[in-house]
Amino acid sequence: MKFMKLGSRPDTFYTAEAVRSVSSEVSSDFIIQVKGSRYLLHKFPLLSKCLRLQKLCAESSESPQPQIVQLPEFPGGIEAFELCAKFCYGITITLSAHNIVSARCAAEYLQMTEDVEKGNLIYKLEVFFSSCILHGWRDTIVTLQSTKAFPSWSEELGITSKCIEVIASKVLTHPLKSNLSHSHSRRLKDDISSNGGDSQRHKQATRGWWAEDVAELNIDLYWRTMIAIKSAGKMPSNLIGNALKIYASRWLPTIARSESVDKQSASNSDSEKANESSAKHRLLLESLISLLPSEKGAVSCSFLLKLLKAANILDASRSSKMELARGIGVQLEEANVTDLLIPSASHTNQMVYDVDIVRTIIDHFMLQWQSPPTSPPRSRIDFERRRSRSAENIDFELQESRRSSSASHSSKLKVAKLVDRYLQEVARDVNLPLSKFTSIAESVPEFARLDHDDLYKAIDIYLKAHPEMGKSERKRLCRILNCKKLSVEACMHAAQNELLPLRVVVQVLFFEQARATMAGSKVAELPSNIKALLAAHNIDPSKPPPPLSTTTSVQAEDQLSISGLKSPKSKLSTLQMKLSEDDDLNENGMHPDGMSRPSKFKALCSLPYRPKRIFSKLWSTNRSMMEKN
């Protein structure tokens with residue numbers, strides 16, 4: 001770091017009885033009070049360089065006693081005043097990036113200009129600032145950081161804007177000059193020695209050499225600096241995103257720790273301090289969010305979700321949360337279930353997780369894949385120009401279109417899996433309403449779910465966590481389940497699930513038995529009644545459903561159990577047990593007490609009215625075929 005020395009006399013200032021004075025053969029005739037401290041000095045050296053002191057002395061009357069001058073709002077305090085006073089006495093002072101801002105503000109306050117004396121302090125400070133401080137990377141960072149103690153003075157004198165302008169210029173004009181940053185150079189050497197010399201990784205890290213040093217700034221100065229860098233339009237968005245991540249990793253962990261402390265202190269009658277701290281952290285977070293690049297992939301989905309969790313904890317503005325939700329939505333396929341479990345900060349409900357914001361994220365994901373609006377009619381010139389394009393260009397566009405469509409389909413398949421696994425986690429919340437559960441489940445298009453095994457697990461977990469659910473609510477919950485997309489293992493579990501509605505169990509058993517019958521190699525042809533039922537449900541027996549996913553992690557009590565369901569007899573007994581619950585219903589669909597049977601019960605599946613007769617024929621046909629073979 002650069003420094004400058006002014007003056008040649010030794011330091012003769014001393015303290016006697018709480019009064020600062022200077023050793024001299026001439027008696028003191030000037031008393032100056034600065035923020036509670038008293039200085040016993042001499043008029044001549046001070047008035048010869050400070051226009052403000054001249055004016056203050058001229059306003060007071062002549063007196064044989066030492067004249068007293070009050071400087072209550074002196075910028076920089078007693079340290080800055082003493083530095084200016086020593087300059088007036090010719091005592092050696094040392095200036096650097098650490099004290100140049102306070103010295104400059106103090107000199108401006110005392111009006112130590114060239115009009116008073118040539119080569120005055122303001123002139124010398126300006127020369128040192130422009131020729132030395134602004135030419136050094138580290139000096140500029142330190143100087144800019146020190147302006148936070150004198151925001152109004154620094155703005156008025158142009159110190160803040162000049163530092164920001166220089167920092168942005170160095171970042172944009174020296175993208176590979178990482179040796180300017182000592183902290184980055186040390187970290188990069190350690191990284192290369194431990195991980196080897198990966199040239200691509202080294203180049204990417206070198207291009208972001210400036211981010212760690214800029215992260216030392218407080219949020220107001222950091223925001224202005226990043227705006228200056230972004231507004232030039234030369235910095236890649238991924239480097240901007242990386243810089244924001246470095247800043248967040250430095251300050252957000254402090255937020256997380258301090259928030260828990262603040263909440264504890266709030267319970268101990270210190271709520272004002274906690275609210276002030278929370279407001280400060282909220283401003284930091286919202287400022288970071290406003291700096292996020294809009295380009296997809298500039299910041300990772302995981303990082304955005306961490307910011308969203310912090311936004312919920314700090315009660316950030318709705319606009320900030322929606323901006324994060326949009327950024328997460330466009331790359332939702334990169335997320336994992338743990339990151340999506342965002343704690344609920346709402347005081348109006350007792351839900352564990354904020355499922356509403358997740359639904360918003362999913363909506364943003366689906367919105368990006370919607371077809372663009374129809375283009376306006378083309379003129380004949382445009383049409384002829386389009387016809388004149390070469391066949392190679394048209395073929396290239398078709399390939400790009402297919403590639404984009406394939407990426408869209410693949411992303412939706414990943415998000416469908418992610419949503420089902422997310423539902424398995426939030427389903428354990430006893431305060432989660434059924435409407436919110438089904439809303440998230442239905443937000444994924446039907447074709448995106450190749451199988452419904454993970455969705456069935458989520459439904460099963462929800463039923464176990466909400467045993468008080470009524471019959472109609474259970475039916476409404478199971479409407480989102482497609483039994484034709486359940487694997488054999490999931491069907492076996494569903495067949496003995498006492499929590500499922502009766503018709504769902506009937507449907508599951510029918511599809512399972514129909515597939516088993518069709519899969520038998522010795523069965524020449526299905527009976528006509530089974531053929532009719534299969535046709536009614538659009539089942540292709542030649543395409544069995546995919547196997548149960550083994551990647552989903554659920555708790556032990558939620559694992560599928562297939563013991564006791566490996567033979568047709570056990571299936572039949574389970575079905576008979578389920579159907580026996582409905583024997584109290586008469587053929588007219590009335591309960592014994594005279595209440596009408598809900599019409600939705602019949603509409604849940606398109607099976608004929610008497611499932612017992614159908615399944616009796618189905619299993620008897622299957623058994624007779626097996627005996628013949």
| Is atom NZ of Lys245 surrounded by more than 12 heavy atoms (other residues, nucleotides or ligands) closer than 6.0 Å? | no
| task | Flag yes if more than 12 heavy atoms outside Glu276 fall under 6.0 Å of its CD atom; otherwise flag no. | result | no
For the backbone of [Y] and the side chain of [X], can you confirm whether one donor and one acceptor N or O come within less than 3.5 Å of each other?
X      : Y      : answer
Asp453 : Ser487 : yes
Arg421 : Val337 : no
Lys485 : Arg449 : yes
Asp429 : Val352 : yes
Gln424 : Asp454 : yes
Glu333 : Phe365 : no
Tyr456 : Cys491 : no
Lys230 : Leu291 : yes
Tyr462 : Leu423 : no
Arg250 : Ile246 : no

Please tell me if the side chains of [X] and [Y] come closer than 4.5 Å, counting only heavy atoms from C-beta onward.
X      : Y      : result
Cys483 : Phe510 : no
His493 : Asp460 : yes
Trp223 : Ile227 : yes
Met366 : Pro445 : yes
Leu307 : Ser320 : no
Val426 : Leu341 : yes
Ser278 : Leu314 : yes
Val214 : Tyr247 : no

| field | Worked check of side-chain contact (heavy atoms from CB on, under 4.5 Å) between Glu489 and Met492 | value | CA-CA 5 Å; Glu489 191 173 345; Met492 289 181 176; 5.8 Å; no
| said: Arg474 and side-chain contact (heavy atoms from CB on, under 4.5 Å): which single residue from Val504, Leu502, Leu463 fits? | reply: Leu463
| Sole candidate of Val444, Asp420, Leu486, Asn482 that passes side-chain contact (heavy atoms from CB on, under 4.5 Å) when paired with Leu455 |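 Filter result, single survivor: Asp420.
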When rounded to the nearest 0.5 angstrom, what is the spacing between [atom1] in [X] and [atom2] in [Y]?
X      : Y      : atom1 : atom2 : result
Leu244 : Leu292 : CG    : CG    : 6.0 Å
Phe303 : Leu324 : CZ    : CG    : 9.0 Å
Leu284 : Asn218 : CG    : CG    : 9.5 Å
Leu332 : Leu304 : CG    : CG    : 11.5 Å
Asn312 : Ile357 : CG    : CD1   : 7.0 Å
Leu481 : Arg479 : CG    : CZ    : 13.0 Å

| message | Test side-chain contact (heavy atoms from CB on, under 4.5 Å) on Glu468 and His466; report intermediate values, then the result. | response | CA-CA 5 Å; Glu468 76 287 350; His466 302 78; 3.7 Å; yes
| said: Quick one, Ser317 with Ser319, criterion side chain to side chain donor-acceptor pair (under 3.5 Å). Give me CA distance, side-chain angles, the key distance, then yes/no. | reply: CA-CA 5 Å; Ser317 64; Ser319 60; 3.2 Å; yes
| said: Taking Arg359 first and then Asp363, would you say they form a salt bridge - that is, a charged N and a carboxylate O separated by under 4.0 Å? | reply: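 The answer is yes: the pair qualifies as a salt bridge.
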| message | Regarding Glu334 and Lys296, does a basic nitrogen lie under 4.0 Å from an acidic carboxylate oxygen? | response | no
| Under the salt bridge (Lys or Arg N to Asp or Glu O under 4.0 Å) rule, what pairs show up with a residue in residues 311-325, not counting sequence neighbours? |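 Every pair satisfying salt bridge (Lys or Arg N to Asp or Glu O under 4.0 Å) with a residue in residues 311-325: Glu323-Arg326.
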| request: Measure across Val430 and Ala465 and return the closest heavy-atom pair with its distance rounded to 0.1 Å. | output: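 In this case the closest contact between Val430 and Ala465 is CG1-O, 3.6 Å.
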| Which pair of non-hydrogen atoms, one from Val358 and one from Tyr422, has the smallest distance, and what is that distance? | CG2-OH, 3.3 Å
| request: Show your reasoning for whether side-chain contact (heavy atoms from CB on, under 4.5 Å) applies to Arg476 and Glu473. | output: CA-CA 5 Å; Arg476 185 150 51 97; Glu473 291 177 324; 4.0 Å; yes
| Does the pair Trp251 and Leu288 meet the rule for a side-chain contact (heavy atoms from CB on, under 4.5 Å), with working shown? | CA-CA 11 Å; Trp251 297 102; Leu288 275 183; over 6 Å; no
